[in-house]
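Written out below as structure tokens is the structure these notes cover.
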Amino acid sequence: MKKIAVLFLILIGLAGCTADAKGGGGDFDMYAEQRPEKMHEDIAPGNFQQVYINGNAKSIIVRPSSSENFEFYNGDLNLSHTYTIHCDENGETLDIEITMENPDADNDILGSILIDIPEKEFEKVEIAGDFKQVSLSAIPSDVLIHANDSLVNLDLEADRLDHNITLEGSGSNAFNRVSVSFDRFPDDIRMDLNVMQGGTINDPQDLLKESGFESGAGAPVISIDHAKEINIDCSE
């Protein structure tokens, strides 16, 4: 097994940095720490005010960048998955499209495309498309996520949570599941939650009532509209 692990790390190092990229393998946390293969050249934030992310990848992770640029990495654990990233810079708008070859071939979402957002406040970061799973860390911009029978994971640091996050669904196009995880209790936020008929809100720590999330009048606001299941937790 040790020889296999060493060989795997060597293969990662030999991976090409192209826009048409194939995934790696192994444990995702370890893979992410090893800086997976870049899928697209970095993009400077420039004068962008709005960012639109679209596509059909099984799973994407949107998180703050450790640099001043947009960065794109392949964290997919399935070697058979192939992607193309296309970025269109149009004035104050950056359109990001992530196309997956044969997305209906399987339901494997063990890995993800990693999109690092620079530490700049944009008017809006909007996520749409056929993504089956979207994971989002707190970024310094308002975020709008459109439902498409998707799973959404919000992994939020209280110290970085100072912008609105809106999950927009409808009766015919709802979120399958939304998970909201805080590292500690935020000082002043409001949560507006709306589940579909028969949907559930799982809040075992009573964060909505005890922390005042449900009646809070401050900002930011986390709004979730039309979800089949909402889970809320805090690690503090």
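Only this structure's heavy atoms are used, side chains among them; waters, hydrogens and symmetry mates stay out. Numbering of residues begins at 1 and proceeds along the displayed sequence.
- The hydrophobic cluster containing Leu151 does not contain Ile61, counting ILVMFWY residues as joined when their side-chain heavy atoms lie under 4.5 angstrom apart, directly or transitively.
- In this structure, the side chains of Val195 and Ile201 come closer than 4.5 Å at one or more pairs of heavy atoms.
- Taking the side chain as every heavy atom from C-beta outward, Cys87 and Phe72 approach each other to under 4.5 Å.
- In the hydrophobic cluster analysis, where Ile, Leu, Val, Met, Phe, Trp and Tyr join through side-chain heavy atoms closer than 4.5 angstrom, Ile230 is grouped apart from Met196.
- Here the closest heavy-atom approach between residue Cys234 and residue Phe185 is recorded as SG-N, 3.7 Å.
- Side-chain N or O atoms of Asn148 include none that pairs as donor or acceptor with a backbone N or O of Asn173 at under 3.5 Å.
- Put simply, the side chain of Asp116 never gets that close to the backbone of Phe70: no donor and acceptor are under 3.5 Å apart.
- Here the closest heavy-atom approach between residue Ser141 and residue Val125 is recorded as CB-CG2, 4.0 Å.
- Tyr83 has its side chain within reach of Ile113: a pair of non-hydrogen atoms, C-beta onward, lies under 4.5 Å apart.
- Atom CG of Asp183 and atom CD of Glu157 lie 5.5 Å apart (nearest 0.5 Å).
- Using a 4.5 Å heavy-atom threshold, the side chains of Lys120 and Pro140 count as separate.
- Atom CG of residue Asn231 and atom OG of residue Ser179 lie 4.5 Å apart, to the nearest 0.5 angstrom.
- Between Asn194 and Ile224 the shortest side-chain heavy-atom distance does not fall below 4.5 Å.
- Here the rule is side chain to side chain contact (heavy atoms under 4.5 Å, CB included) with Asn74, and of His40, Lys38, Glu37 only Glu37 fits it.
- To the nearest 0.5 Å, atom CG of residue Leu207 and atom CD1 of residue Ile232 are 6.5 Å apart.
- Between Asp130 and Lys132 no salt bridge is recorded (no basic side-chain N to carboxylate O distance below 4.0 Å).
- One finds a salt bridge joining Asp159 and Arg184 here, because a Lys/Arg side-chain nitrogen approaches an Asp/Glu carboxylate oxygen to under 4.0 Å.
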Next item on the list: Take Val143 and Asn164 through the side-chain contact (heavy atoms from CB on, under 4.5 Å) test and state the conclusion after the steps.
Entry: CA-CA 6 Å; Val143 177; Asn164 297 329; over 6 Å; no
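- In this model, no donor atom of one side chain and acceptor atom of the other lie less than 3.5 Å apart for Gln205 and Asp203.
- Taken together through direct or relayed side-chain contacts under 4.5 Å among Ile, Leu, Val, Met, Phe, Trp and Tyr, Leu144 and Leu161 form parts of separate hydrophobic clusters.
- Hydrophobic clustering, with ILVMFWY side chains joined whenever heavy atoms are under 4.5 angstrom apart, groups Ile43 together with Val62.
- Closest of all the heavy-atom pairs between Ala174 and Ala147 is C-CB, 3.7 Å.
- Residues Phe131 and Asn56 have side chains not in contact (no heavy-atom distance under 4.5 Å, counting atoms from C-beta outward).
- Within the 3.5 Å criterion, the main-chain N or O of Glu168 finds no donor-acceptor partner in the side chain of Thr166.
- Nearest heavy atom pair, residue Asp233 against residue Ser181, reads OD2-OG, 3.0 Å.
- Side-chain atoms of Leu167 and Ser223, non-hydrogen and from C-beta on, never get closer than 4.5 Å to each other.
- Looking at residues two or more places apart in sequence or on another chain, you find a salt bridge (charged side-chain N to carboxylate O under 4.0 Å, His left out) between Glu126 and Lys124.
- Formation of a donor-acceptor pair under 3.5 Å by the Lys58 side chain with backbone atoms of Pro103 is found in this model.
- If you take NZ on Lys209 and CG on Asp206, they are separated by 6.5 Å, rounding to the nearest 0.5 Å.
- Annotation: side chain of Gln133 is not in contact with side chain of Ser150 (no heavy-atom distance under 4.5 Å).
- Interatomic distance, CG of Asp76 versus OG of Ser112, reported as 7.5 Å (0.5 Å rounding).
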Note to self: If you apply the rule side-chain hydrogen bond (donor to acceptor under 3.5 Å, both in side chains), what do you find for Asp142 with His163, and how did you get there?
What the structure shows: CA-CA 5 Å; Asp142 285 347; His163 288 75; 5.1 Å; no
Note to self: For a salt bridge (charged side-chain N to carboxylate O under 4.0 Å, His left out) check, start with the C-alpha distance between Arg160 and Asp162, then their side-chain angles and the critical distance, and finish with the verdict.
What the structure shows: CA-CA 6 Å; Arg160 304 174 72 106; Asp162 53 6; over 6 Å; no
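- By the neighbour-count criterion of 12 heavy atoms within 6.0 Å, atom CD of Glu68 is sparsely surrounded, having that number or fewer from other residues, nucleotides or ligands.
- Closest approach of Ala44 to Phe48, counting heavy atoms only: O-CE1, 3.4 Å.
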For residues 89-102, tabulate all N or O donor-acceptor pairs below 3.5 Å that involve a side-chain atom, not counting sequence neighbours.
none

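- The local environment of CG in Asp88 is crowded, with over 12 non-hydrogen atoms from other residues, nucleotides or ligands closer than 6.0 Å.
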Next item on the list: Let me see the working for Ile127 and Tyr52 under side-chain contact (heavy atoms from CB on, under 4.5 Å), right down to the final yes or no.
Entry: CA-CA 6 Å; Ile127 303 172; Tyr52 294 96; over 6 Å; no
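- With values rounded to the nearest 0.5 angstrom, Ile145 atom CD1 is found 13.5 Å from Asp225 atom CG.
- Connection of Ile222 to Leu208 is established within a shared hydrophobic cluster, with ILVMFWY side chains joined at heavy-atom distances below 4.5 Å, either directly or through further cluster members.
- Salt-bridge check for Glu71 with Arg63: failed, with every basic side-chain N at 4.0 Å or more from each acidic carboxylate O.
- Here the closest non-hydrogen pair linking Ala138 and Leu156 is N-CD2, 3.9 Å.
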